[in-house]
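Structure first, then comments.
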Number of protein chains: 2
Amino acid sequence: MNQRATRQRRAVDAVLAEVDDFRGAQEIHDVLRRRGDSVGLSTVYRTLQALADSGEVDVLRGADGETRYRRCSQGHHHHLVCRDCGRTVEVEGPAVERWMDSVAARHGFHDVAHTLEVIGTCAGCHPG
Amino acid sequence: MNQRATRQRRAVDAVLAEVDDFRGAQEIHDVLRRRGDSVGLSTVYRTLQALADSGEVDVLRGADGETRYRRCSQGHHHHLVCRDCGRTVEVEGPAVERWMDSVAARHGFHDVAHTLEVIGTCAGCHPG
DNA sequence: CCTCTCATGAGAATGATTCTCATTCTGATC
DNA sequence: GATCAGAATGAGAATCATTCTCATGAGAGG
Ligand SMILES: [Zn+2]
Ligand SMILES: [Zn+2]
Ligand SMILES: [Zn+2]
Ligand SMILES: [Zn+2]
């Protein structure tokens, strides 16, 4: 999807490759600046969007309204996210996918898409 | 949950009672003004939030980032929404609920919540 | 009526994201 | 290596939903 390889895109890509949970644009922008590999905020946003459009990263919008991105494995899946530390687990549920499709079809809906996210407190963040 | 019954709260409530799909705060504010039963935008937001907190209305955040509200039936359910006309169907899926809980438990997550929405084009909006 | 609060609303403030546009850079070509 | 068209960048302004501020208004009980 991207046409030109620039330092900026490589830099954003690098940050995504290093972490294992969802990160926001501003957060990535900060990391880069702190690292001395500064990239304009607009560019961070643009790059992230391009990556999302091309399916290279997954997008998640948190309760705080901030959009976060994560380089995931290929293939359709959903996420189990810790509300405290952000730890993310990819999960698949073929039966659930089938259910969503069938319930949509049953009601005459076409071109169906869906969002499904599970949020909780992970074992590491759960006292006791 | 609300403490005082005011004209404004009644007005917002009335709009929600009249429609059958998700509506945004600004939209409700406009309807009220047009109707001559004007309510301050801040108050619309506040009322909607209170209704959401008390569980009287369901909340849905669209792809455009706007939060929409709908007076739904009691009990836990999810929604099948038309991306064109907004027509909304409530759906239940006990098996899906169980799956989400079990996958969370399997990964050691506690206090789990989830979001699940299905979006598509309804029969009425689908040509052919 | 009185008063004690909670509620209201106009407008300012917030905060994430997008847009503008002059400048810089990439990649292909010569 | 030198050129060039078009893509990419980024500083700052603009957007837009939502929240906040705080002076004023209005429930509810006495
Ligand atoms: Zn993913
Ligand atoms: Zn955790
Ligand atoms: Zn799915
Ligand atoms: Zn429709």
In whole Å, I'd like the distance from the [atom1] atom of [X] to the [atom2] atom of [N].
X: B:D30; N: D:dA17; atom1: CG; atom2: P; answer: 11 Å
X: B:L48; N: D:dT19; atom1: CG; atom2: C1'; answer: 14 Å
X: A:H29; N: C:dT18; atom1: NE2; atom2: C1'; answer: 15 Å
X: B:R9; N: C:dG9; atom1: CZ; atom2: P; answer: 11 Å

Distance-only check: which donor-acceptor pairs under 3.5 Å involve side-chain atoms of residues 22-29 of chain A, not counting sequence neighbours?
residue, atom, partner, partner atom, Å
A:R23, NE, A:D21, OD1, 3.3
A:R23, NH1, A:E27, OE2, 3.0
A:R23, NH2, A:D21, OD1, 3.1
A:E27, OE1, A:G24, N, 3.3
A:H29, NE2, A:V39, O, 3.3

**Report entry** End-to-end axis angle, where each axis spans five pairs of the helix from C:dC1-D:dG30 to C:dC30-D:dG1, to 10°
**Finding:** 30°

Query raised in the report: Does B:Q8 place a side-chain N or O at less than 4.0 Å from the phosphate oxygens OP1/OP2 of C:dG9?
Result: yes

Requested in this report: For each nucleotide in nucleotides 20-30 of chain C, reading 5' to 3', give B when a protein heavy atom comes within less than 4.0 Å of its base, S when such contact involves only the sugar-phosphate, and - otherwise.
Outcome: B----BBS---

Query - B/S/- contact track for nucleotides 12-17 of chain C, protein heavy atom under 4.0 Å - result: ----SB

Requested in this report: Please list all pairs passing the salt bridge (charged side-chain N to carboxylate O under 4.0 Å, His left out) test where one or both residues lie in residues 57-66 of chain B, with sequence neighbours left out.
Outcome: B:D64-B:R68, B:E66-B:R68

Query raised in the report: Is any NZ, NE, NH1 or NH2 atom of the basic residue among B:D13 and B:R10 found under 4.0 Å from an Asp or Glu carboxylate oxygen of the other?
Result: no

Query raised in the report: Charged N to carboxylate O below 4.0 Å: is that the case for A:R98 and A:D101?
Result: no

Requested in this report: Check the pair B:H114, B:H78 against side-chain hydrogen bond (donor to acceptor under 3.5 Å, both in side chains), reporting the backbone distance first and the verdict last.
Outcome: CA-CA 10 Å; B:H114 60 255; B:H78 296 279; 3.3 Å; yes

Query raised in the report: Which heavy atom of A:A104 sits nearest a heavy atom of A:V112, and at what distance?
Result: CB-CG2, 3.5 Å

Query raised in the report: Would B:V44 and B:V59 show up in the same hydrophobic cluster when neighbours are defined by side-chain heavy atoms closer than 4.5 Å?
Result: yes

Query raised in the report: Does A:R4 offer a backbone N or O that forms a donor-acceptor pair with the side chain of A:T6 under 3.5 Å?
Result: no

Requested in this report: Check the pair A:L80, B:F109 against side chain to side chain contact (heavy atoms under 4.5 Å, CB included), reporting the backbone distance first and the verdict last.
Outcome: CA-CA 8 Å; A:L80 179 52; B:F109 281 65; 3.9 Å; yes

Requested in this report: Apply side chain to side chain contact (heavy atoms under 4.5 Å, CB included) to the pair A:R71 and A:V19, showing each step before the final yes or no.
Outcome: CA-CA 9 Å; A:R71 179 173 294 288; A:V19 298; over 6 Å; no

Query raised in the report: Can you list the residues that meet the salt bridge (Lys or Arg N to Asp or Glu O under 4.0 Å) rule with A:R7, with sequence neighbours excluded?
Result: A:D37

